[in-house]
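What follows is a single structure, written as structure tokens, with notes after it.
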Amino acid sequence: MSAALDEFCGSVFWNASYLDRPDADLPVCFQQTVLVWIPLGFLWILGPWQVLPMCKSRDKKSSVTKLYIIKQVLTTLLMLTAVAELVLAAVEGAEQDPLPAVQYTNPSLYIATWLLVLLIHDARRFCLRRDSGILFCFWTLSLLCGSLLFQSLLRRALQAPTSDVPRFVLFFISYGLQLLLFLISGFSDIAPETKEIRKKVRGPCGSGLGAPASWLVLCGVSLPHSMVFKGYRKPLEIEDIWELKAEDKMQSIYTVFEKNMKTAVRKAQAELEKRKRKKRRREGGLDHVNNISKAQSQDILVLEEKQTKKKKGDKGDSGSHKDYPRGWLMKTLGKTFWKNLLLSVTFKLVHDLIVFVSPQLLKLLIAFVSDEESFAWQGYVYAILLFLSAMIQSLCLQQYFTLCFKLGTQVRASLIAAIYKKSLTMSSATRKESTVGETVNLMSADAQRFMDMANFIHQLWSSPLQIILSIVFLWGELGPSVLAGLAVMVLLIPINWFLVAKSRTIQVRNMKNKDERMKIMSEILNGIKILKLFAWEPSFEKRVNEIRAHELKNLLNFSYLQSVSVFVFTCAPFLVSLASFAVYVLVDENNILDAQKAFTAISLFNVLRFPMAMLPLVLSSLVQTNVSTVRLERYLAGEDLDTSAIHHSPIEGSAVRFSEATFAWERDGDATLLCAGPMQGLAGKSSLVSAMLGEMEHIKGHINIQGSLAYVPQQAWIQNATLKDNILFGSELDEARYQQVIKACALLPDLELLPAGDQTEIGEKGINLSGGQKQRVSLARAVYSNADIYVLDDPLSAVDAHVGKYLFEHVLGPKGLLQNKTRILVTHSISFLPLVDNIVVMGAGAVSEQGSYGTLLANRGAFAQFLNSYGSQEKDASEEDTTGTGNKTGLCVCLGDMKNLALSSSDTSGGCYEPYPASGNLTNSLKKAQEEAPKQVKGQKLIEKEAVETGKVKLSMYLRYLRAVGLWYSFWVAMGYVAQYVAYVGTNLWLSAWTDDAERYLNETYPVEQRDLRIGVFGALGVSQALFLLFSTILSAYGAVRASRVMHQQLLGNILRAPMSFYDTTPMGRIVNRFAKDIFTIDETIPMSFRSWLSCLMGIISTLLMITLATPFFALIIIPLGIFYYFVLRFYISTSRQLRRVDSVTRSPIYSHFGETVSGLSVIRAYGHQARFLQQNEITMDINQKAVYSWIISNRWLAIRLEFVGSLVVFFSALLAVISKGTLEGGIVGLSVSSALNVTQTLNWLVRTSSELETNIVAVERVHEYTKVKNEAPWVTDKRPPRGWPSKGEIRFVDYKVRYRPELELVLQGITCNIGSTEKVGVVGRTGAGKSSLTNCLFRLLEAAGGKILIDEVDIATIGLHDLRKNLTIIPQDPVLFTGTLRMNLDPFDQYTDEEVWKALELAHLKMYVQDLPGRLLYVVSEGGENLSVGQRQLVCLARALLRKAKILILDEATAAVDLETDHLIQTTIRSEFADCTVLTIAHRLHTIMDSNRVMVLQAGRIVEFDSPEELLGKAGVFSMMAKDAGITNTETTTL
């Protein structure tokens, strides 16, 4: 081979003696062949693929750019140089003897190559990204190989005049052109037409964002400067961040994920069935023992199965033991993201192999310094190689990290999307298994776990690989004595496993505590109004703090375990090297530790350190992910809604038909709904509605529904959007129809009251609308949707009587907007019955009667009796209305004695209802409302945008955290770290001195006492290092838990003391986020960040110190490197921090939207809008992903620059060692370079941890922001009311004014009145007159804007809130119950005896019911009281009031949504039990207050009439008008 090449070149191909001299050089033939062919070979193997777009692409080429022209011109020039060279060879060959073949082949190869390059440039015009990565690599290779020729020619030219001038000149021209092309390919080449796309999709391709970018970007060399600089100059907003590429968008990722998930779940379910069958067989096998015949045993099996099913249905059991499809989640993720995994494996593998090159180079370098004979050029080569290997290593690592992070975000996104989609399709039984709080936790905590795991997943194979390779190389250095070190490692493994297992159990326990705490927190926030009205905050604060105490106790134990494992791991590398060195020296006295061996071994041990430390972390992360996997698999593989019972086949003459339909709330519960034939036999009006919507468990039969459904739930569900969006609900806007609907639903007057008409933003859960308004918006949504069938679950209960009448006339009735539709109306009200076509009366589990109004009256059945007892007060109204009901199109009504869901309505809008103006006037008022809308009006935005703190995190935040830890603790922790690193430097210097003994005792025997001294001191220093660390970590663990306790207490205490207005304007998701994400960060992340930051900082300082000790000139280099480092840091951290902030702000909407979806599930499903909500979720997710992606990329930007600094440190420490060769010992060089090799990673970590610390400290900032929320008045003041106050119960309003928020209008405008002791006063008024505001003022939920209220001559503004609230009683509008026992719900402070509680229950007509419950008083009420019907919840609230028995009772619409019988019960009880109290009743149904002593009529926040009902009925006024509307003519007609 060599001979053939000699002939080919006409000179010697290889001769080693060329290198054995000070001015070494490569043979000319080698330069002309190998160095030329390597880059060309690379291009010809990979280049042709780049030309493919020319043949394939159907797109037209993008236009020519300046950059493209420059590239083509330069390449053409290159081609000309090659042609010139070929011509030159031909001419010379013709004149003299023929030249060696190489002179012809090389120029010809070059001509072909430059042609290929021209083609590639042209072909790239078909692509969006026009730069070619292959070409970039080719230019790099070509320049690198050319540089050797370059120096060789230069050196020869300097020694003697060049003989071959033309070729010399041509080479340099060609090299210069290649250099230019290399530089130009660093810029991205963008065609004008793709610039438009690029504006949307900016950013580097290689990084997962954006479209065209130069190829350098792929290596992360020239990453997103624009964004980093922008982030440095001004805080980044979401608008500044690049759009995602199409393949990184939620939709494309999730589509693949879902497809894979479905197949995997199917397989897993088959497995589950197999498992169940096996189990049954096993159980069946037992029966054979008892000699039961086969047939019998079959029956028994069936029975058993039923029983096991029953057991699973029990709530107590189902949590942990229910079997579910397992093991499919990981498979799905692997299948979805295999490309990413494969690529990252490749990069990681290359990196792992190159890691081992450095120790070998270090060994050569030490040998070079110790060897007097060696040539200087060798040293320089080693230094350059060290630098190059460091650079390649860092580029691979960065690519790997990018891929991992990208994988992490995509996994998180897919999981969140899957959870969201699941929540839309989940069956009601599955829904009961997990509360909203737990589901949100799945989204935040568990999906986040997967994201963290994705960054580590490759360590599972990479760590063992690195460990094995290290051991192989170490064996080469130290021989069998490595086994001693290995033994130490193996011994540490069980210790580690023990620690991991312990940590796991603690973690699992703590997750439960967290769930529990979050559950109570979300309940507290949902029912905050009740807590305030009853002054129950302390009791709930105590409950939360008890759970928190458990949580922190576990956390402390967890931290102690962590400290021990950190201690073990610091000891590990040191103990390993101690054991290996000691054994090596002791085994054989000829074994002397020299610098080469020691420092090569040390740098290998350093390589070992990382995988050894990572492995346990990865394992514990795996353990946590495992816990999450179980939770996610159980949730995502839960049963979906079974809609098979709902058929949609066309049947003549019936819109809805029930055939043998039997439904139950729980799969194994008793059937609640039994229907046979069209609409017979039902039980439960709400159940009927749920069955039609497919929300119940189907047992047998089916329901046939023809056409689309619209549904108005009993409790209106309102989205956080504008009023208009709530009505349109995703449909197209048809202006005329929209106006018609708004008018029919009586929303016009509301639009005038709202600050910005129909553009007003409505808060979460419709917080700034009154109950009546919410219900009308909900109705308007249904009417606008223009469906075929309307299912209306008691929509009129929450509105005033006259509005109800108006709605019936204009919307539901025979002449209403819906006259040609099928309407199914569930109602408690009797007055509309004569107007409907068909009445279905339901009672006690079946349909008792059915027919038209007349038929049912004639039958004299239960219905007729019911009418006789309750109907008299509504008679007159119905008589007026029965005229003109000609065209009845299927309006069917269900009535019954089912207790029903209560409806909330708080009148928070000022103003009142005017009787409707004439229609000409109407359109004008609407136009006016709409013209005004676009200007942002005061109060239009209810929910302020979440504040994003900008700029640098204030030093005060760190100080605040350290103060919470305790300043002394902080000081001693820092001192512990300093001491640890002092010991560390000592250890290394001692080792360096020890290795120099090898030189000192070169040909003598090594003294034994010297040897023992060396080993002893080395060991002592190492152990002290670990002990100092243990001391600091244990202290910091204790301090951190202390800080967590303080911060949570401050946050909780302050949130509970915030005024109601804070809750009206702050979305719950935001407050929950503080208690979930931010507290989690303070608990677990910040302490870790602080520790790693300190440790990295000390590590870098000690490394630089050691290098400077070795080569003092290094101090000069530190300064420029330090400055560069600092600037990169400042630039990066400001961008990164802002991106993290944007991330957490864009994350809140994901959870808010999710919470909203879950609460409105039945509505979303009824309208069939799942797809739209999924899409909305995708959009929200994408916005969040944008922030996360940009953050990943800015990380890359930084890491590349930092690792470059690290590589320079390595390079200069090696270079200085080479320069000062004669003066240095091998030991000190080894120390200096091996420390430098370590520094790259530490530099990287320092920035990581600094930015992590800054990002995480934001949590302290966010928590602090809510500890500074303005509090309401103090709970208890120095001025206490007298004992037994209020004894009389007299209330005096003196010119009392109030407004909801400072920027809004007055709601009560100077009210003055006296209410005597034990007087019964009714408060009436149209919606928004200020009725509810009056009660809010009595309890000081609203503070006065003027005037005062006196109760028994005490000004309520002067006493503490709790003194006031504990002495008043209210039965609120919405019956809110909390998770916990029934007894806790009645008496959270345990102030009363069981007898008193039972007495109250008896009076509230609940005693019988509660006695039948499992656990009776200790019966557990589920989240939001869902396991009680609404009537029962309302009665529980009555029992609460009876227990308190204060002198003043306020009934706020207490019976608005209860059926007439429950209403009757409540009224009777109140009359008898509160006879000696002052009672204020706010009523929609006027008949409930007709027996009051006096009636107060409010209008627009003023009292317009205040007298006895008889008087008011007698004179024509507002009250008599309202009474007429409600069909009341005199007080005697009210039996109620």
Side-chain angles (χ1 to χ4, degrees), residues 352-353 355-371 463-493 571-613 984 987-1002 1005-1008 1010-1019 1021-1023 1225-1235 1237-1238:
D352 284 358
L353 296 175
V355 164
F356 291 98
V357 173
S358 309
Q360 300 311 313
L361 288 169
L362 172 65
K363 185 178 177 180
L364 294 170
L365 189 69
I366 296 174
F368 161 80
V369 173
S370 314
D371 179 10
S463 294
L465 174 77
Q466 283 182 319
I467 291 172
I468 292 166
L469 284 175
S470 309
I471 291 166
V472 171
F473 282 113
L474 278 166
W475 187 282
E477 294 304 322
L478 301 175
S481 26
V482 173
L483 295 175
L486 264 184
V488 173
M489 281 186 185
V490 173
L491 280 176
L492 291 175
I493 290 173
C571 282
F574 155 75
L575 286 175
V576 170
S577 50
L578 175 68
S580 305
F581 291 160
V583 171
Y584 179 71
V585 179
L586 295 170
V587 165
D588 180 350
E589 51 200 41
N590 299 333
N591 285 355
I592 292 185
L593 201 60
D594 61 4
Q596 278 189 47
K597 282 199 174 5
F599 287 104
T600 311
I602 285 276
S603 57
L604 283 166
F605 281 133
N606 281 337
V607 170
L608 247 185
R609 253 179 121 140
F610 183 68
M612 290 281 296
Y984 170 67
T987 316
N988 280 329
L989 289 173
W990 186 260
L991 181 66
S992 166
W994 182 0
T995 57
D996 291 340
D997 287 351
E999 296 290 313
R1000 195 172 318 138
Y1001 300 99
L1002 194 55
T1005 47
Y1006 193 49
V1008 175
Q1010 177 77 356
R1011 182 188 71 190
D1012 297 345
L1013 175 73
R1014 291 290 188 203
I1015 295 175
V1017 175
F1018 186 66
L1021 282 168
V1023 171
E1225 297 285 340
I1228 203 84
V1229 171
L1231 173 62
S1232 149
V1233 179
S1234 67
S1235 311
L1237 283 174
N1238 231 358

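The residues of the chain are indexed from 1 along the displayed sequence.
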> Considering only heavy atoms from C-beta outward, does the side chain of W994 approach that of V585 to under 4.5 Å?
Replying inline: yes
> Taking the side chain as C-beta and beyond, is there a heavy-atom pair between L586 and R1011 under 4.5 Å?
Replying inline: yes
> Under 3.5 Å, side chain of S603 to main-chain N/O of F599, donor-acceptor pair present?
Replying inline: yes
Out of curiosity, [X] [atom1] to [Y] [atom2], how far, rounded to the nearest 0.5 Å?
X	Y	atom1	atom2	result
L1231	T995	CG	OG1	8.5 Å
S577	L478	OG	CG	10.0 Å
D594	D997	CG	CG	11.0 Å
L353	L465	CG	CG	6.5 Å
I471	L604	CD1	CG	11.0 Å
L365	K363	CG	NZ	13.5 Å

Heavy-atom closest pair, residues [X] and [Y]:
X	Y	answer
S1234	L362	CB-CD2, 3.9 Å
W990	L1013	CZ2-O, 3.9 Å
I1228	S992	N-OG, 3.7 Å
V583	A484	CG2-CB, 3.5 Å
V488	A579	CG2-CB, 3.9 Å
F356	Q466	CZ-O, 3.4 Å

> Where do Y584 and V482 land on the side-chain contact (heavy atoms from CB on, under 4.5 Å) test, with the steps shown first?
Replying inline: CA-CA 8 Å; Y584 179 71; V482 173; over 6 Å; no
> Going through the distances and angles, do S481 and F581 end up as a side-chain contact (heavy atoms from CB on, under 4.5 Å)?
Replying inline: CA-CA 8 Å; S481 26; F581 291 160; over 6 Å; no
